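Keep in mind the model is a prediction, meaning the values are calculated, not measured.
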Amino acid sequence: MNQDRVAVVTPDGTHTYADLDRASRAVAGALLGSVSDLSEARVAFFIPPGFEYTAVQRGIWRAGGIAVPLALSHPAPELEYVLRDAGATVVIGAPESRALLMPIAQTLGTRFMTSVEVLAHPTRDDLPHVGAPRRAMIVYTSGTTGRPKGVVTTHAILGAEIGAMVEAWEWRPNDRMLLSLPLHHAHGIMNGLLAPLAVHATCEILPAFDAATVWERFGSGEITVFTAVPTIYHRLIAAWDQAPPATQQAWSAGARLARLMMCGSAALPVQTLARWREISGHTLLERYGMTETGMILSNPLHGERRPGFVGTPMPGVDVRLVDEWGAAVPDGAPGEIETRGPLVFLEYWKRPEETKAGFRDGWFRTGDTAVRENGAFRLLGRSSVDIIKTGGFKVSALEIEEVLRMHPAIGECAVVGVADQEWGEKVAAAVELRPDATLALPELQQWAKDRLAPYKVPRLLRTLDALPRNAVGKVVKPDVAALFTGPPRPAAP
Ligand code: MCA
Ligand code: AMP
């Protein structure tokens with residue numbers, strides 16, 4: 001491979017594969033110090049999407065460590081939870097994160113290093129041999145049970161997940177990806193960053209999503225591949241609609257030169273797909289995956305992409321639909337998606353019971369329901385009402401409820417997802433107040449944002465005398481959701 005090829009482009013500059021090799025050997029040298037192998041030590045990192053992120057991620061791997069990406073938007077309690085749960089020995093942060101991370105690191109006895117410091121370290125050549133079965137990454141994802149769980153993948157699993165995408169979507173060295181997703185989740189990390197780098201293509205990385213910047217980059221005609229969540233396409237459509245006609249024309253003309261635009265992480269509304277086709281000329285390729293499984297279903301690169309469908313199994317992936325007892329359902333009948341094969345994660349970090357519960361006869365149970373029609377899968381929903389997808393982020397209603405119960409005005413509460421055009425679902429909280437307490441949404445949001453990631457903060461609030469409950473006193477979530485979609489009810493005094 002020609003090391004002078006461009007690997008990463010950021011607003012600050014252009015970085016070749018040789019630069020990436022050098023920088024990652026520097027990071028590995030800084031992390032290894034006097035040892036020869038990190039031997040799966042967890043190294044967390046809090047770095048904006050860009051070249052430094054990429055170099056630190058590789059450096060951790062080259063030193064034999066497990067990379068634990070942290071979310072830039074998370075407040076201290078969420079970061080502390082991840083660092084503690086992962087047992088991180090080191091956390092690498094951009095210099096401006098020192099004030100946020102240092103106190104947490106001190107509490108936990110974790111070493112804090114700045115990205116500047118590790119990248120300036122002399123490069124190291126005697127790096128350990130890191131075999132495919134080694135653990136490589138832990139990505140935290142919300143589940144039905146309380147706090148987020150660490151999804152562990154090995155180098156072999158990452159390789160299989162990347163290989164399937166490269167094959168299905170025909171990644172080539174002359175591709176240029178535009179990446180505008182956060183890099184603490186699988187969509188951005190795997191589909192956005194690692195797939196293009198695996199074939200020595202170029203990844204153009206934005207520090208954060210911005211609709212006008214994305215359109216300008218499309219307008220250049222240089223971008224060949226793009227991937228995003230439905231909320232991002234919704235925002236891009238809104239930005240296009242507001243632009244002057246000449247700008248619209250230039251943006252659309254450039255976008256047409258791309259070879260592939262993909263969507264996933266949440267259901268793509270058919271109207272978004274249709275409108276995007278009108279303004280960009282692209283029929284979005286919708287695919288389905290999970291942090292635990294990589295990408296397992298995809299519409300075809302060549303051939304018909306059916307609106308509302310997520311296609312057929314990715315290369316090397318087994319997918320089946322089963323009833324509640326694990327028996328295969330016939331075509332046309334709804335069933336839970338189960339999958340097996342080399343892409344499936346190794347384990348939930350330090351949670352053997354939950355790992356075991358996630359599988360049935362060697363098949364991973366996704367919790368998503370689908371139906372197969374003429375060979376292609378159509379998603380119907382999730383088996384748990386307590387999982388909410390908002391802006392492409394998966395959040396746990398139970399986790400949010402646990403935090404909200406700590407609010408002094410809240411006696412009891414129930415959190416649900418409410419359908420929304422822009423966000424897919426919005427986080428909504430129904431609460432029973434304590435005697436004589438009052439609570440307004442802005443006040444609740446202000447309180448919650450110090451404790452929860454921004455996308456877990458409730459966007460809707462109803463205060464009630466009593467939550468809807470069944471005969472045994474259990475809160476009935478569909479009835480709670482109806483509070484937000486039905487006619488407005490008078491608030492509790
Ligand atoms: C942010 N805001 C929200 C949400 N997120 N409001 C409601 N629901 C949300 N989910 C608020 C912010 O706090 C802010 O409020 C206001 O919206 C505008 O913020 P802005 O900065 O414009 O929005 P943003 O923070 O940029 O978020 C929009 C986004 C983002 C770019 C669409 O949600 C995003 O990057 N989503 C991608 C998620 C993702 O990568 N998922 C992949 C998971 P205020 O102004 O009051 O502060 S992996 C996965 O699902 C699997 C593997 C798969 O299949 O891909
Ligand atoms: P995560 O845990 O963040 O990896 O999210 C995985 C979940 O995202 C899946 O279990 C699905 O519920 C959802 N998801 C991913 N892709 C799609 C899609 N194309 N349509 C609907 N839901 C999706």
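Looking only at side-chain heavy atoms (C-beta outward), E399 and S142 come within less than 4.5 Å of each other. Here the side chains of S396 and D386 are not in contact, with every heavy-atom distance at 4.5 Å or above. Counting heavy atoms from C-beta on, the side chains of T54 and L193 come closer than 4.5 Å. Side-chain contact between Y288 and T366 is present, with at least one heavy-atom pair separated by less than 4.5 Å. Counting heavy atoms from C-beta outward, T339 and V344 have side chains that approach closer than 4.5 Å. Using a 4.5 Å heavy-atom threshold, the side chains of L179 and C203 count as touching. In this structure, M137 and L158 have side chains that are in contact, with non-hydrogen atoms separated by less than 4.5 Å. Looking only at side-chain heavy atoms (C-beta outward), D241 and I237 come within less than 4.5 Å of each other.
Here the shortest heavy-atom pairing between L343 and T293 reads CB-O, 3.4 Å. Minimum interatomic distance between L178 and R217 (heavy atoms only, all atoms of both residues): CD2-CB, 3.8 Å. Across all non-hydrogen atoms, the minimal contact from R124 to S36 is NH2-CA, 3.9 Å. Across all non-hydrogen atoms, the minimal contact from L38 to I60 is CD1-O, 4.5 Å. Nearest approach of T123 to R22, heavy atoms of both residues: CG2-O, 3.3 Å. Contact detail for G50 and V8: the closest heavy-atom pair is C-CG1, 4.3 Å.
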Item to check | Verdict with reasoning, L346 to T153, per side chain to side chain contact (heavy atoms under 4.5 Å, CB included) | outcome: CA-CA 6 Å; L346 180 68; T153 40; over 6 Å; no
Checklist entry - Would F46 and H184 count as a ring pair (Phe, Tyr, Trp, His ring centres under 6.0 Å) if you check the C-alpha gap in whole Å, the side-chain angles of each, and the deciding distance to 0.1 Å? => result CA-CA 9 Å; F46 184 94; H184 66 289; 9.9 Å; no
Next on the checklist: For R259 and V225: C-alpha separation, side-chain torsions, deciding distance, then whether side chain to side chain contact (heavy atoms under 4.5 Å, CB included) applies.
Outcome noted: CA-CA 6 Å; R259 72 169 181 90; V225 183; 3.9 Å; yes
Next on the checklist: Working note: S252 + W240, criterion side chain to side chain donor-acceptor pair (under 3.5 Å); need CA distance, chi angles, decisive distance, verdict.
Outcome noted: CA-CA 9 Å; S252 296; W240 191 94; 2.9 Å; yes
Item to check | Check against side chain to side chain contact (heavy atoms under 4.5 Å, CB included), L20 and Q3 | outcome: CA-CA 9 Å; L20 189 53; Q3 290 282 324; over 6 Å; no
Item to check | V90 and M113: CA distance, side-chain angles, deciding distance, side chain to side chain contact (heavy atoms under 4.5 Å, CB included) verdict | outcome: CA-CA 7 Å; V90 180; M113 298 167 95; 3.7 Å; yes
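Between L31 atom CG and D37 atom CG the span is 12.0 Å, to the nearest 0.5 Å. In this structure, CG in L284 is found 9.5 Å from CG in L260, a value given to the nearest 0.5 Å. Rounded to the nearest 0.5 angstrom, L119 CG and E117 CD are separated by 10.0 Å. Rounding to the nearest 0.5 Å places CD of Q248 at 8.0 Å from CD1 of I279. Rounded to the nearest 0.5 Å, atoms CG (L197) and CZ (R58) are 5.5 Å apart. Note that NE2 of H15 is 15.0 Å distant from CG of D21, once rounded to the nearest 0.5 Å.
For the ring pair (Phe, Tyr, Trp, His ring centres under 6.0 Å) condition, the pairs that include at least one residue of residues 155-179, sequence neighbours left out, are W61-H155. The stretch residues 358-386 participates, sequence neighbours left out, in these ring pair (Phe, Tyr, Trp, His ring centres under 6.0 Å) pairs: F345-F359, F345-F364, F359-F364.
Side-chain contact, Y140 with D85: a donor N or O sits under 3.5 Å from an acceptor N or O. Between T283 and R277, the side chains place a donor N or O and an acceptor N or O closer than 3.5 Å (distance only, hydrogens not considered). A side-chain N or O of E292 and one of Y348 form a donor-acceptor pair less than 3.5 Å apart. Side-chain N/O atoms of T247 and W215 include no donor and acceptor closer than 3.5 Å. Under the 3.5 Å distance criterion, with hydrogens and angles disregarded, a donor-acceptor pair is assigned to the side chains of H74 and Y455. Side-chain contact annotation: S24 with R62, donor-acceptor N/O pair under 3.5 Å present.
Salt bridge absent: D126 and R25 never bring a charged side-chain N and a carboxylate O closer than 4.0 Å. Comment: E425 does not engage K389 in a salt bridge, judged by the lack of any side-chain N to carboxylate O separation of less than 4.0 angstrom. The pair R134-E40 fails the salt-bridge criterion, with no side-chain N (NZ, NE, NH1 or NH2) lying under 4.0 Å from an Asp/Glu carboxylate O. With respect to the salt-bridge test (charged N to carboxylate O, under 4.0 angstrom), the residues D368 and R382 do not qualify. With salt bridges taken as basic N to acidic carboxylate O contacts below 4.0 Å, one links E78 and K456. A salt bridge links E422 with R235: the closest approach of a Lys/Arg side-chain nitrogen to an acidic carboxylate oxygen falls below 4.0 angstrom.
A donor-acceptor pair is defined here as one N or O able to donate and one able to accept, closer than 3.5 Å; no such pair exists between the side chain of R365 and the backbone of R360. When atom types are taken as modelled, the side chain of N299 and the backbone of E286 share a donor-acceptor pair closer than 3.5 angstrom. Listed for the D175 side chain is a donor-acceptor partner under 3.5 Å among the backbone atoms of R172. Counting only distance, with no hydrogens or angles, the side chain of R459 and the backbone of V457 share a donor-acceptor pair below 3.5 Å. Between the side chain of D331 and the backbone N or O of G375 there is no donor-acceptor pair closer than 3.5 Å. Here the side chain of R305 pairs a donor or acceptor atom with the backbone of P300 at under 3.5 angstrom. T202 places a side-chain N or O within 3.5 Å of a backbone atom of V6 that can act as its donor or acceptor partner. Put simply, the side chain of T390 never gets that close to the backbone of V427: no donor and acceptor are under 3.5 Å apart. Between the T89 side chain and the A41 main chain, no donor and acceptor come within less than 3.5 Å of each other. At least one donor-acceptor pair closer than 3.5 Å links the side chain of T224 to the backbone N or O of R176.
Between Y233 and W276, the distance separating the two ring centers is shorter than 6.0 angstrom. Remark: aromatic rings of H187 and F393 are distant, center separation not under 6.0 Å.
Heavy atoms from other residues, nucleotides or ligands lying under 6.0 Å from CG of N374 number 12 at most. Heavy-atom neighbours of Q249 CD from other residues, nucleotides or ligands within 6.0 Å: at or below the threshold of 12.
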